[in-house]
Amino acid sequence: MATEFISKVKRTHSCGALRSSDIGKQIVLFGWVQNRRDHGGLIFIDLRDREGLTQIVFDPGISKDAHGKAELLRSEWVIGIRGEVRSRGMQWSKKDNKEVSGTNTKLATGEIEVYVSEVEVFNRAETPPFEISEHVTTSEEKRLEHRFLDLRRPHLQKTLITRSKMNAATRAYFHTHGFLELETPFMGRYTPGGARNFLVPSRLNAGKFYALAESPQLYKQLFMVAGFDRYFQIVKCFRDEDLRLDRQPEFTQIDVEMSFVSQEDIFETIEGLLKALWKEVHGLDIPTPFPRMNFDESMAKYGNDKPDLRFGMPHVVLNDLIAKFGAEGGVGPMWETLQAKGLIKAMVVSPVTAGQHDPTVVKAKEEAFRLANPNPNAKVPPPPHELSRKDIDETEAWVKGMGAGGLARAKIAENGDWTQAPLFKTAKPELKQAIIEATGAKPGDLILFQFGSTAKVHTIMANLRVYLAKKLWLIPEYGSGGKWNFLWVVNPPLFEYDEETKTWAAAHHAFTRPMDECLKYLEPETFDPEKVYCYRYDVVLNGFEIGGGSIRLHDPVVQAKVFRALGISDEDARSKFGFLLDALKFGAPPHGGIALGMDRLAFLITGTESLRDVIPFPKTQKGTDLMTGAPGEVDERQLKELYVKSTPPAKP
RNA sequence: GGGGAGUUAGUUCAGCUGGUUAGAACGCCGGCCUGUCACGUCGGAGGUCAGGGGUUCAAGUCCCCUACUCCUCGCCA
């Protein structure tokens, strides 16, 4: 009986542990049947647990009983074995008709195998819906439906083990730096603004709702007011917004708040944490401090606040230049953009020389080609040198999908002529020359242009830059390519103008501290909200925002001025942020903090394809769980108890 | 809310201009095999072509709708 075996016999090793130094030992392994190779006489099985694979051998000469049982074993059965560790050494191969090394260099345990004297089947398994194997791909849909099987794959086990280590390293780091790990409620009061909240109806309070915390923001500030001085938490947050490759509706943050600190103190703390994490996971010493870049510079050169600095191709803003030439410049649409207070940007795409391609992409493409073309004489296509006509057409279709009018471009010929550039047919030669100078384009280069509303041009150009870098093999489709380009993007404007409501709104949140030198623009006589920059910062890695935070506004006097600029009345402020305003009145220390996206960090540090690969039980893009079927319907009685009516639209 | 890609055997895919009984690989089942390691070999089973509607003598293939999955813009302070 299985229970007898497990109660009498203890596992001595994991399936990844045995080495040649263990030869001769009697051992016990428990695990799953990965693969069975039955030679009629000998039967080989790869036994798998989370630590790895061990080859076990059933020899009728050792145990007829065990060998007989082994004939029945199938994939994913759970077994325990007792046996002797033996060297694989030199073995006679009938296939090769000579002695060959029996060592399997692909396995960590490849030097040994275990001759089984006793086997116990703990559980049989039905044939799984897909193979639990690294070299068999399965659609994500099928994998999510059977997540408990997918989680058996070494790839997912590895990323989740890494994540566990990151959690441990994070806690160790903060505990040794004097931080307290304090908890905050998930169920709180709904406050308007920011991300959509998930709502939880209250049974005990008819008609009232909790909101699931989108972050512990307010609570952690209260910890500072309370004098805890240094707080951190690895905490779940909930946002009812549309999902993306790097976004899940429930996700984990490393949440941090500190008292009596400047922006630089926070940077130092977080750089130390990231250093510790990269050391833990990759054994790497990432260089600190990270570079700093002003928000405005980031927007101008890269079109967003999370530039990927593993490659160049910065944007060049042409507004001033077009303005200088005026309507006579000869590029009507750009001049019109200028009149409409829009944005005109250019980006130079230079031919890529051999050494510039990302070596991991070159290697991966070569391997993929070899796999598709088994003929060893087949010539591997070279990495792309420049964009082909087809590439450019594809790119144009792609930017149009993002709302671009088109993809204006100019190819600079060897003699300096502009080709493929209908937009510039009527352009003054001096304007073309000025654009060449501004962009630094050389003969052979391609200049791409976007113009139109500022936000749209930034978005399109930012995405275009990354899209082309992947197309030209400058960066891999996913993963770091071994490059870790950390960056702080700092000091954005505090306010942004909302075109719809024609009012100024807080770009981050209303409790971000304006930079000291900008305070005068909050005064009535020199009021100019556009010029108010603030102590806010994002930490960026390879084009992903991995965290963001700010120095908080703890001074009620300045707070009042910010509210006035935002057009928030005392009454509004009171109803929205009442308890925080109260708290700030009773001796709030200067404080600030940051929150890092743990899922994104794990996603980037492991170089996986998707955020879903570092979350054990992730949701699909529509926020559903294909395994449990959540969200599901509930019955009328439950709704009634909660004083809630459900009114989904009728299905057509 | 918008744009794009997709849905064919248990799994991953092929299926041309609409035309015979919808194929392959892996997996699965059975036989043989004492050195394999993605074992080999011989044989076998396995399909509501996502669902619905339409065009047609004839639909996996063309058209429309719906559902689901992925990517993306908006959105996510």
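The structure presented is a predicted model; accordingly, all values stated were derived computationally and were not measured. Naming convention: chains lettered A, B, ... in sequence-line order (proteins, then strands); numbering from 1 in each chain.
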Counting any heavy atom closer than 4.0 Å, what does [X] reach on the DNA or RNA strands: base, sugar-phosphate only, or nothing?
X      : answer
A/G194 : sugar-phosphate
A/E134 : nothing
A/E141 : sugar-phosphate

Can you see if the side chain of [X] gets near the phosphate of [N] - specifically, an N or O under 4.0 Å from OP1 or OP2?
X      : N     : value
A/K456 : B/C73 : no
A/T620 : B/U69 : yes
A/T624 : B/U69 : yes
A/S139 : B/U11 : no
A/K106 : B/A38 : yes
A/R244 : B/C73 : yes
A/Q621 : B/C71 : yes

Whole angstroms only, please: what is the CD-P distance between A/E140 and B/U69?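 A/E140 atom CD is separated from B/U69 atom P by 11 Å.
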Using whole Å, report how far CH2 of A/W398 lies from P of B/U72.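 Spelled out: CH2 on A/W398 to P on B/U72 is 10 Å.
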Contacts of A/Q221 that satisfy side-chain hydrogen bond (donor to acceptor under 3.5 Å, both in side chains) - sequence neighbours left out: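 A/Q217, A/H591.
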Provide the Watson-Crick or G-U wobble partner of B/C68, both distances under 3.5 Å; none if there is no partner.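 Partner of B/C68: B/G6.
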Between the side chains of A/Q248 and A/R600, is a donor N or O closer than 3.5 angstrom to an acceptor N or O?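 No, A/R600 and A/Q248 have no side-chain donor paired with an acceptor closer than 3.5 Å.
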